Each structure stands twice: as structure tokens, then as C-alpha cells.
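The block underneath contains the structure these notes are about, expressed in C-alpha cells.
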Amino acid sequence: VFIGHAAVGFASKAAAPRASLGWLLAAPFLLDFLWPVFVLLGIEQTTIERGPTPFLNFAFDSYPWSHSLAMAVVWAVLYGAFAHFFTQQAAVGVVAGLGVVSHWICDAIVHRPDLPLWPGSMVYVGMGLWNSVPLTLAVELSMFAAGVWLYTRATRPRDGSGRWALAALVAFLLAAYAGAAFGPPPPNMTAAAIGTLALLLLVPWAIWIDRHREVTEGMEE
Ligand SMILES: [Zn+2]
């Protein structure tokens, strides 16, 4: 679903135009940055399991610290406070916090029922969109298109880098999405965790893009 999380990050620029895309893009990915760390540390358990569709390569056996609703809210408050502190803008804190929670909501739409409400909860949420390849592609790709469109409406390039760095990021995300959806599953969980952590590189990339773009008139707060 990472393309859907990226969509939320791009779209939130319209809600907080003065915030760097770095803060906004990292927010909806935060839980997926914590999850591989917790898996590598042995705090959470995930196994690779070939599912009925290529979107279902993982069995999330236990991931309450990164992916329960209650912990999503805790991480959202912490991240929002952190963003507010560093940017000195309350709006950035609020939008970044909401971005963190959006991860849980997006996962709840696509995952099988494996998302706990709180650590230790026996109630698991998940509507299972990933059971259908055509529906998944339709929903995730249109979300992504809408998110990028909102971002390009809220900002305009200041120079060539502002245009091409964004185009390259969009192309990279689409290629990585196609690779994840139609390529082979990860060989083992360590590789999958490290591959997910590599998405952290999106943050400096987003900061770079944003520095070469400016907020369009009428979008300033
Ligand atoms: Zn997730």
C-alpha cells in the first residue's frame, strides 16, 4: 500500500503548504519505518507467506507496537509534537499527526483482518482490499494520482530540479510499486525489513524536491 501512503503525503501539502514535503511524506510512512525495526529486534513477528494475490506476501503474525490503532495514535501525537517543535508551526504538527494515523486507516482498508486495536486486543481489523488485484490497482493508483495532482496544484517548480526531481520520485514510486506487485516476493524477512527501511531515502528526496518548488498563490495560509 506504500503508494497510497505516498498519496496521503503528497496530498497533505494542500493542507499544510508551508510544511516541507519531507515532514509530510514521512508521516504516513512512520508506522512502516517502525515495523521493520521492531521485526529486526524481534519485538514483532512477520513471516513471508505466498498469498492468493501478490499484495498478500506477508503474514503479520504480531505487530501491535507499530500497527495497533492505539499505538498509531501514540506515534501520531509524538511525531506531531516533534514536527511542531522543529518547525514551530502548529498546523504542521497537526497535519503530520493526522498523516501518521492515516497509515492505520489505509492499512485497515487493504490488509486482511490482522490490525489489532491495542496491544493485547483480540479484535483485529482489515477489510482485505488486497484480495482483489484489479480493485487494489484501481484504488491505490487513483489515490496516488490524486495525491500527486494536489501537490502539483499546491506548488510550482522554481527551477528544473523542482520539476525533474518530482517526476523522478513519481516514476520511482510507480516502478517500485510494479516491482512489489508483479515481481517475486522478498527472499526472507530480513531482506524485506531492510528493503522497507530503504524507503527512508524518500525523506531527503522529498526535502530536496520541496526546496526547488514554491507554494502557488492562493495556497499560502
Ligand atoms: Zn503498514
Side-chain angles (χ1 to χ4, degrees), residues 1-33 36 55 79-80 82-103 105-107 109-110 136-183 194-221:
V1 74
F2 71 88
I3 210 160
H5 299 316
V8 173
F10 280 120
S12 51
K13 184 76 173 179
R18 285 194 299 151
S20 166
L21 185 62
W23 284 111
L24 300 175
L25 198 64
F29 279 102
L30 184 69
L31 303 185
D32 274 0
F33 292 148
F55 296 106
Y79 184 79
F82 197 66
H84 180 188
F85 176 79
F86 273 94
T87 62
Q88 292 298 314
Q89 297 167 53
V92 178
V94 171
V95 173
L98 290 173
V100 175
V101 175
S102 80
H103 182 103
I105 295 165
C106 290
D107 276 8
I109 294 168
V110 299
T136 299
L137 289 175
V139 171
E140 294 186 348
L141 288 173
S142 45
M143 254 185 96
F144 185 64
V148 172
W149 178 74
L150 282 169
Y151 179 73
T152 54
R153 215 179 54 121
T155 63
R156 63 162 166 258
R158 235 193 261 279
D159 52 28
S161 307
R163 180 172 294 115
W164 295 112
L166 174 64
L169 179 60
V170 169
F172 168 80
L173 288 168
L174 287 172
Y177 182 67
F182 303 109
I194 291 170
T196 305
L197 273 179
L199 289 176
L200 275 167
L201 290 172
L202 298 180
V203 180
W205 196 341
I207 294 171
W208 180 49
I209 292 171
D210 225 45
R211 284 210 183 127
H212 291 271
R213 297 182 69 91
E214 59 196 6
V215 175
T216 46
E217 281 110 58
M219 285 304 298
E220 291 105 343
E221 282 146 300

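All of these numbers come straight from a predicted model, not from anything done at the bench.
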Discussion item. Within this structure, what is the CG-CG distance for the pair Leu201 and Leu169, rounded to the nearest 0.5 Å?
Written reply: 11.0 Å

Worksheet item: Is a donor on one side and an acceptor on the other found under 3.5 Å between the side chain of His103 and the backbone of Phe29?
Response: no

Worksheet, complete the sentence: Those residues at least two apart in sequence (or on a different chain) that pass salt bridge (charged side-chain N to carboxylate O under 4.0 Å, His left out) with Arg163 are none

Worksheet item: If only atom types and distance count, is the side chain of Thr155 paired as donor or acceptor with the main-chain N or O of Thr152 below 3.5 Å?
Response: no

Fill in: Shortest non-hydrogen separation from Arg153 to Thr216 and the atoms involved
O-OG1, 2.9 Å

Worksheet entry | For the student: nearest non-hydrogen atoms of Val203 and Ala26, plus distance | CG2-CB, 3.8 Å

Fill in: Heavy-atom closest contact (Gly22 atom, Ile207 atom, distance)
CA-CG1, 3.7 Å

Fill in: Distance-minimising heavy-atom pair for Asp210 and Ala19
OD2-O, 3.5 Å

Worksheet item: Are side-chain heavy atoms of Phe2 and Thr196 found at a separation under 4.5 Å?
Response: no

Item to complete: Quick one: list whatever passes side-chain contact (heavy atoms from CB on, under 4.5 Å) with Thr136, sequence neighbours left out.
Response: Phe55, Leu129, Trp130, Glu140, Tyr177

Practice prompt. Indicate the atoms forming the closest heavy-atom contact of Leu24 with Ala16, along with that distance.
Written response: CD1-O, 3.9 Å

Worksheet entry | Residues which pass side-chain contact (heavy atoms from CB on, under 4.5 Å) with Leu200, listed by chain and number, not counting sequence neighbours | Phe33, Leu197

Practice prompt. Please identify each residue that fulfils ring pair (Phe, Tyr, Trp, His ring centres under 6.0 Å) with Tyr151, with sequence neighbours left out.
Written response: Phe10

Item to complete: Keeping the roles fixed (side chain from Arg158, backbone from Glu214), state whether a donor-acceptor pair exists under 3.5 Å.
Response: no

Item to complete: First locate atom CD1 of Ile3, then atom SG of Cys106, and finally report the distance between them rounded to the nearest 0.5 Å.
Response: 12.5 Å

Worksheet item: Would a distance-only check, ignoring hydrogens and angles, find a side-chain to backbone donor-acceptor pair under 3.5 Å from Trp23 to His84?
Response: no

Worksheet item: Which atoms form the tightest heavy-atom contact between Lys13 and Ala154, and what is the distance?
Response: CG-CB, 4.2 Å

Item to complete: Any chance you could measure Ser12, atom OG, to Leu25, atom CG, to the nearest 0.5 Å?
Response: 8.0 Å

Item to complete: Output all residues satisfying side-chain contact (heavy atoms from CB on, under 4.5 Å) with Leu98, sequence neighbours left out; order by chain, then residue number.
Response: Val94

Worksheet entry | Counterpart residues, side-chain contact (heavy atoms from CB on, under 4.5 Å), relative to His212 (two or more places apart) | Asp159, Ser161, Trp208

Worksheet entry | Contact check, side chains of Asp32 and Leu199, non-hydrogen atoms, under 4.5 Å | no

Practice prompt. Going by the ring-ring contact (aromatic ring centres under 6.0 Å, His included) test, name the single residue among Phe86, Tyr79, Phe85 that passes it with Phe82.
Written response: Phe86

Discussion item. Would you compute the distance between atom OG1 of Thr87 and atom CZ of Arg18 and round it to the nearest 0.5 angstrom?
Written reply: 9.0 Å

